[in-house]
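Quick notes on the structure that follows.
Order of the sequence lines sets the chain letters (A, B, ...), proteins ahead of strands, with each chain counted from 1.
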There are 2 protein chains.
Amino acid sequence: MPSIPSKAQLMELLAHSVSTHYADFTSAAADMGLTSSQAKTLTVLRRAPASMRSLAITLACDASNMTGIIDRLEKRDLVHREVSPTDRRVKNVALTETGQKAIDTIRERMEQTQTGLDNLSDEERAELFRLLTVVFPR
Amino acid sequence: MPSIPSKAQLMELLAHSVSTHYADFTSAAADMGLTSSQAKTLTVLRRAPASMRSLAITLACDASNMTGIIDRLEKRDLVHREVSPTDRRVKNVALTETGQKAIDTIRERMEQTQTGLDNLSDEERAELFRLLTVVFPR
DNA sequence: ACTCGATGCTTGAGGACATCAAACAATAGG
DNA sequence: CCTATTGTTTGATGTCCTCAAGCATCGAGT
């Protein structure tokens, strides 16, 4: 029977885990010549195209900030803007093929996280999944 | 018996959890007028003073970068530099009382994370602790 | 003691990110 | 229509980040 960690201890471990994961992500992104903000943006777009505004909301930053980030991604053909057919104020941003590949590669290259997860059994992965869902619900 | 999530699903959930925690931290820091880099630095110093170099290593950034971050923290009396008595090249950085309080306050104000953890039973917290230790060993 | 390479920190230049205020176009509702 | 609102961009300012270069100090070897 393991001793029960205090909430503070768990907070600390959580912080450590987050730091490690984040560093892993940032470093994998840097290998592709991308900043973590750029890579985060690609991650959001991986599922579905989004308007500038909704990107800003998802990434919790100012809309004016997104302009620069998307500018730089677009300049490298990782992403492209497209005026919404239903509202001409809106610009929808979508991944290009290149962008899709870039973000997939980054995920594959997160070695620390990958090998960490490999240390879990199937049951443990299921349990971690469940617990994380409770702590960080969508 | 829960179905077993694929590794990709777990990676995704992990990314979501990390984002949420990181946003929580950043927002709590911003409430105190601190950037996340500044708050991260305070976190590292919470345990023990450290030299500029070791801070840079821990935070995975260039040493020249730390100069500016510590400059700004020192200007606000959250931290102070002190020449090492054993090696005059080295500057040891330590939290001031104010800095100690600031980082404690930030931790307390991470409400999303706090309430998330409150949703776990003691056993679940112990299990999450164990699993995270496996995935992200120190 | 003296030189020399290595180490610790800072400075300066240049790019990226973040926030705010302000501008502009387009929409929606009266 | 007129007006308020919304979506995006621009510009200013500060922070972060990386690189190259500089200075001071240390340590080992001669």
Side-chain angles (χ1 to χ4, degrees), chain A residues 19 22-23 25-45 49-76 78-94 102, chain B residues 19 22-23 25-45 49-76 78-94 102:
Chain A
S19 288
Y22 196 75
F25 178 73
T26 302
S27 146
D31 287 349
M32 312 280 301
L34 293 171
T35 67
S36 54
S37 291
Q38 291 169 346
K40 257 192 268 186
T41 305
L42 295 186
T43 300
V44 173
L45 292 173
S51 69
M52 299 296 291
R53 168 140 302 278
S54 72
L55 279 177
I57 291 171
T58 305
L59 294 172
C61 69
D62 196 89
S64 68
N65 203 358
M66 288 314 306
T67 300
I69 293 174
I70 297 298
D71 279 352
R72 287 178 281 271
L73 289 174
E74 199 171 26
K75 203 174 295 175
R76 292 172 55 178
L78 297 166
V79 123
H80 68 96
R81 270 183 257 233
E82 189 167 281
V83 175
S84 162
T86 62
D87 185 339
R88 282 190 306 179
R89 288 171 302 181
V90 175
K91 306 213 177 139
N92 287 316
V93 184
Chain B
S19 288
Y22 196 75
F25 179 73
T26 302
S27 146
D31 286 349
M32 311 281 299
L34 293 171
T35 67
S36 53
S37 293
Q38 291 169 345
K40 260 193 266 186
T41 304
L42 295 185
T43 300
V44 173
L45 293 173
S51 68
M52 299 295 290
R53 167 139 304 274
S54 73
L55 279 177
I57 291 171
T58 304
L59 295 171
C61 70
D62 196 89
S64 68
N65 202 1
M66 289 313 309
T67 300
I69 294 174
I70 297 298
D71 279 352
R72 288 179 279 272
L73 288 174
E74 198 171 25
K75 202 174 294 176
R76 292 171 58 178
L78 298 166
V79 124
H80 68 95
R81 270 184 256 232
E82 188 167 281
V83 176
S84 161
T86 63
D87 184 340
R88 282 189 306 177
R89 290 171 301 180
V90 174
K91 307 211 177 140
N92 288 316
V93 184

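In this entry the distance linking CZ of Arg53(A) with C1' of dA26(C) reads 14 Å, nearest Å. Look at OH on Tyr22(A): it is 13 Å from P on dC16(D), rounded to the nearest Å. Between Asp71(B) atom CG and dC9(C) atom P there is a gap of 13 Å when expressed in whole angstrom units. The CE atom of Met52(A) sits 13 Å away from the P atom of dA18(C) (whole-angstrom rounding). dG15(C) atom C1' lies 13 Å from atom CZ of Arg76(A), rounded to whole Å. To the nearest angstrom, C1' of dC17(D) lies 14 Å from CD of Gln38(B). Look at CG on Leu55(B): it is 14 Å from P on dC16(D), rounded to the nearest Å. In this structure, CE of Met66(A) is placed 16 Å from C1' of dT10(D), rounded to the nearest angstrom.
Checking dC17(D), dT19(C), dT10(C) against every side-chain atom of Arg81(B), the shortest atom distance belongs to dT10(C). Looking at the side chain of Ala63(A), the nearest of the listed nucleotides dT18(D), dT8(D), dT15(D) is dT8(D). With dT8(D), dT18(D), dC16(D) as the candidates, the nucleotide lying closest to the side chain of Arg72(B) is dC16(D). Of the candidates dC16(D), dT8(D), dA20(D), dA20(D) carries the atom nearest the Ser64(B) side chain, counting heavy atoms from C-beta on. Comparing dT27(C), dA18(C), dT15(D) by their closest approach to the side chain of Arg88(A) singles out dT27(C). Distance from the side chain of Asp62(B) is smallest to dC19(D) among dG7(D), dC17(C), dC19(D).
Two residues are said to be in side-chain contact when any heavy atoms from C-beta on lie closer than 4.5 Å; Met66(A) and Thr41(A) meet this criterion. Put simply, the side chain of Arg53(B) reaches to within 4.5 Å of the side chain of Ile57(B), judged on heavy atoms. Leu73(A) is not listed as a side-chain neighbour of Arg76(A), based on a closest heavy-atom distance of 4.5 Å or more. Between Asn65(A) and Leu59(A), the closest side-chain pair of non-hydrogen atoms is not below 4.5 Å.
Each of Lys40(A) and Asp87(A) was matched to the nucleotide of DNA chain C holding its nearest heavy atom; the match closer to the 5' end belongs to Lys40(A). Projected onto DNA chain C by closest heavy-atom contact, Gly68(A) and Thr86(A) fall at different nucleotides, the more 5' of which corresponds to Gly68(A).
Distances shown here put every side-chain N or O of Thr67(A) at or beyond 4.0 Å from the OP1 or OP2 atom of dT10(D).
Across all strands shown, Thr35(A) has heavy atoms under 4.0 Å from sugar-phosphate atoms exclusively, and none from any base. Among the heavy atoms of the strands lying under 4.0 Å from Asn65(B) is at least one base atom, whether or not backbone atoms are also near.
Side-chain atoms of Arg89(A) stay outside donor-acceptor range of the base of dT8(D), with no qualifying N/O pair under 3.5 Å.
Remark: Lys91(A) NZ to Thr67(A) OG1 distance equals 8.0 Å, nearest 0.5 Å.
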